[in-house]
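Each chain gets a letter, A, B and so on, in the order the sequences are listed, and its residues count up from 1.
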Amino acid sequence: MVRLTIDGKQITAESDKTILEVARENGIYIPTLCYHPRLIPIGSCRLCVVEIEGAERPMTACTTYVQDGIVVRTQTERLERIRRDALKLILLNHPLDCPQCDAAGACELQNLVFEFGIDQQEYQATRSSKGMREFATPLIRQWADRCVMCLRCIRADHEIARAWAIELVGKGYEAEVGIRDPAACISCGECLRVCPVGALTERVSRIKARPWQQQKVLTTCNYCSLGCQLELNIFENRVIGVTSQDDKGANRGSLCVRGRFGYDFLHGTERITRPMIKGAGNWKEVPWEEALSYVAAMINKVILSSGPGTVGGLISPRCTNEEVYLFQKFMREVVGTNNVDTTGRLCLEPYRLAIKEVLGRDYLPSTLDDVADADCIVVVGGDLDRDNLIAANRVREALWRKGAHLILVHPRRVRLAEEADCWFCLRPGDELVWANGLIHLLLEKGPEAWAVGVEAVEGLDALKEAAKKFTPEHVEELIGVSQELLTEAAQHLAKAKRPAFICSPPFGQQPYGVDQVKGLVNLALLAGALTGGGGFHFVGPQANMVGAVEMGATPLLLSGYRPGNGRGLSAVEMFQAASKGELKALFILGENPLITLPRSLVEEGLKALELLVVQDMFFSETAEQAHVVLPALSFAELDGTYTNCEGRVQRLRKALEPPDGLRWEGEVLSDLAAFMGKEMKAESPAGTFEEIRGVNPLYGGLEFEASDTQLRGGGRDNLLEKAVFSPVGPTQEGQEEGYPFLLSVEGIFYNHLTGSGPQRRAQGLAKVFSYPYLEMSAEQAEEMGIGDGDKVKVTTPWGEVQVEIRRSEGMRKGVLSLYLPFYEVDASQLVGPQLDAVSLVPAYGRIPARLEKV
Amino acid sequence: MIVPLLRGLRLTLKRFFSRPVTIQYPEQKREVAPRWRGVHFFERNEKGDTRCVACGLCVAVCPSNCIHLVAVELESGERYPETYEINVTRCIFCGFCAEACPVNAIKLGKNYEFVDYRREDFVLDKERLLANAPKEG
């Protein structure tokens, strides 16, 4: 701590802060233009100059660190003159096309010029106009004339996203922001966000409006489970853009391409606005009362004739906590069945079960902030950059700002692989052997390599016994990993004081998925990630994946992970039961099982149903098979809460007025219950949250409209308390005869089920990622004579699809990866109906497959 | 009593022989002042379309909130008013919109003859504003 004086005010501050940071914290204003709180200051705009007593010349506040005893003055005549002149020189080349510029009204330069009372361009210079031009991504336009050379965009690209897509080109007066490599651009929009002027503008929305005409509504992103906080910019009941604030949420202003540009599906065509009943093959629009009384009568009929156990419910993990809670309450209390599930559970369950077994609890309290502080990070599973960019950027922050080491397990040479210290190019399903190999090496090194207090944990001896045979030689033999690399990784983990583990699907969604995750949790526990370390994280694809399970949309548990009375049918089992005639009525809310679950099974099940009710925003493939279709609200049209992967409970706020006649899910369900002759009250989202607080012990002390970050389940008690090492041996799985490849069907990718396929609902995202492809090793493709873009037929024991090939350099041979969310390729056909015995999750990873050129 | 009556009639009689002050509207039309603020019109650009760049300043300055603008960005990157409507029944003809316009697109013309049967017809859209522009010469 140091003591200093700024403008006569005595201030005590931490010594690793700059004068600017300290001044801002204490409410002292210093003008800036090139400074951004998330970026390393460069002091180029010269607007933040301050005078320090004893120093001859003024200093830039953003790059000067505080020192003990200094006396700083921020407002003097001399400083005013310097700042004015600096601003006039910045204005030298700035076109005064404010009326035409998108930024006008929210432009930092405009504000500064206004503040300094500059009303003309005093200095003039001739410079040829560059006009508008294409940028590294088609989602952003560049107006080079308006650039003030603050370099914030380039720094954001290099320091936050670390994509190196844009770079400063040219020298001296000719220097400008140029494109270094358009292929490297990940369209995250970080550059757009930090641009202080209108040099970079958003291109998704055709409609533009001035800041004073817009309302900004702070809400939670509905794509992945990181729960980024963003502001929807509303003009005349339309979302025309997305902005973000530096101090809100775990993302601190950063967003990925989906969050920033993937909003236009909200205004997509094919929106369902009226309830519809299918009669004689034709859809008929009916009033709500008629549709609900029909559904109620049909459900009552099924209950009377074959019992409540023949009714099932499937809810989307993008529904709010309140909706999920009411839906499972409706199924359990009004219908009287435990047959309720969500696809979010299919991602979360292997992880939850593994944690439960090793640590004796259902969830972990670690946050992503812990990752940024870690000194060794292990990333296993999906491609974090494509699926959960903000988590990947936190990893990068730790890597290059704190010098952490990265151990990556992924079959493709993904972006993080370039930055990893040890990249293990494993086939999906080999993670357990790999983890056991590392456990073996760590145990060999002795207690100084382990976490503090781990020696007292039960089961250590059993772990030693189980890990004994996983010598580096044996591991190399089993999964083809070099011994040196494994030893190096073990070295990093042994030295690490605060290791962190991040895993994501399809890890855990393979055969023996729970065992796979358990192997990793054992390793994390041994290495110290769970005792004062960076934590063990599971980041998933769906926004309210965690919340949906915690609200009780699971056949095994009640809300808050409480044991229920008996077990219902899981998502896949419901369709199996339906095809056998054991399930007769199914209520699907916001879910599209034809695309997300094993297709052949779902098709068969849907055909056999007596009643299929689908409630969705759009007319999905599944909705076409339904008997009754009900309209649903979008995430921007309702109030509620989401629980993100860290356990943050965050608000969704109503930003748009829904189309006429659309109703909140609570009203629909309570009306439906009334038509069935039962009572189920649901007043409002806030009222329902109140009810959840009373019922769900994890949500006890939380508030619906919280002003601060709130984590469910409370504090970080001792995680070792109930910990028991749960050693897992090798699982018995060989390559299937006739299927030389292992296919992973990844559920997420950029568009994530909003339909950038033929539906073209998310048109902005479709500009960047418009078609599905199958990735395979470039080397192997060469051997097989398959070129980039060739059509191939992928066959698994359950189905086949035709898809384009994309060669992937450095990818593990014998591994294929395909993405689920493109509707034109039915990737779900390839997924088998077998379930993991414990987690009831179908295998999306490690599907045996073969490949033929078409 | 008769005298004042005759005096009055004398004035009346005198007027019979002086120049009349009444303008025979609508046959005869009065020339308006150069700064007259009549019905609005759009100036055209070289392409013949409106000069308006949809900056929204007229909307911001309008004291009676009678301008409705939906700005869009064309593929070329230009801003363009997709919808531009002035509700003349609300307009107070203050001329602030013309004053605020940075590209001199919206102006108040000299026309003061604006009658119709329905309220909707008093909403000037882009086409009508363009058509309102005074003829050359």
Exercise for the section: Can you tell which part of Arg141(A) gets under 4.5 Å to a heavy atom of chain B, answering side chain, backbone, both or neither? Expected result: side chain
Handout entry: Heavy-atom pair with the smallest gap, counting every atom of Trp143(A) and Gly77(B)
Key = CH2-O, 3.2 Å
Exercise for the section: Apply the side chain to side chain contact (heavy atoms under 4.5 Å, CB included) test between Pro99(A) and each candidate in Cys55(B), Cys101(B), Cys52(B); give the one that qualifies. Expected result: Cys55(B)
Problem - Which portion of Cys101(A) sits near chain B, non-hydrogen atoms under 4.5 angstrom - result: backbone
Exercise for the section: Answer yes or no: does atom CD of Glu31(B) have more than 12 heavy-atom neighbours from other residues, nucleotides or ligands under 6.0 Å? Expected result: no
Practice task
Look at atom CZ of Phe114(A) and say whether more than 12 heavy atoms of other residues, nucleotides or ligands are closer to it than 6.0 Å.
Solution key: no
Handout entry: Over 12 foreign heavy atoms within 6.0 Å of CG, Asp660(A)
Key = no
Exercise for the section: Identify the heavy atoms of Arg79(B) and Gln100(A) that sit nearest to each other, and give their distance. Expected result: CD-O, 3.2 Å
Problem - Exercise: identify the closest heavy-atom pair between Leu69(B) and Phe235(A) - result: O-CZ, 3.5 Å
Fill in the blank from the handout: Under 4.5 Å to a heavy atom of chain A? For Val103(B) that would be neither
Problem - Lys/Arg N to Asp/Glu carboxylate O, Arg203(A) vs Glu75(B), below 4.0 Å - result: yes
Practice task
Return yes when atom CZ of Phe96(B) has more than 12 non-hydrogen atoms of other residues, nucleotides or ligands closer than 6.0 Å, and no otherwise.
Solution key: no
Practice task
Step through the shown structure and confirm whether more than 12 heavy atoms of other residues, nucleotides or ligands are within 6.0 Å of OH on Tyr123(A).
Solution key: yes
Problem - CZ/Arg133(A): more than 12 non-hydrogen atoms of other groups inside 6.0 Å - result: yes
Handout entry: chain A contact via Glu73(B) - which portion, at a heavy-atom distance below 4.5 Å
Key = both
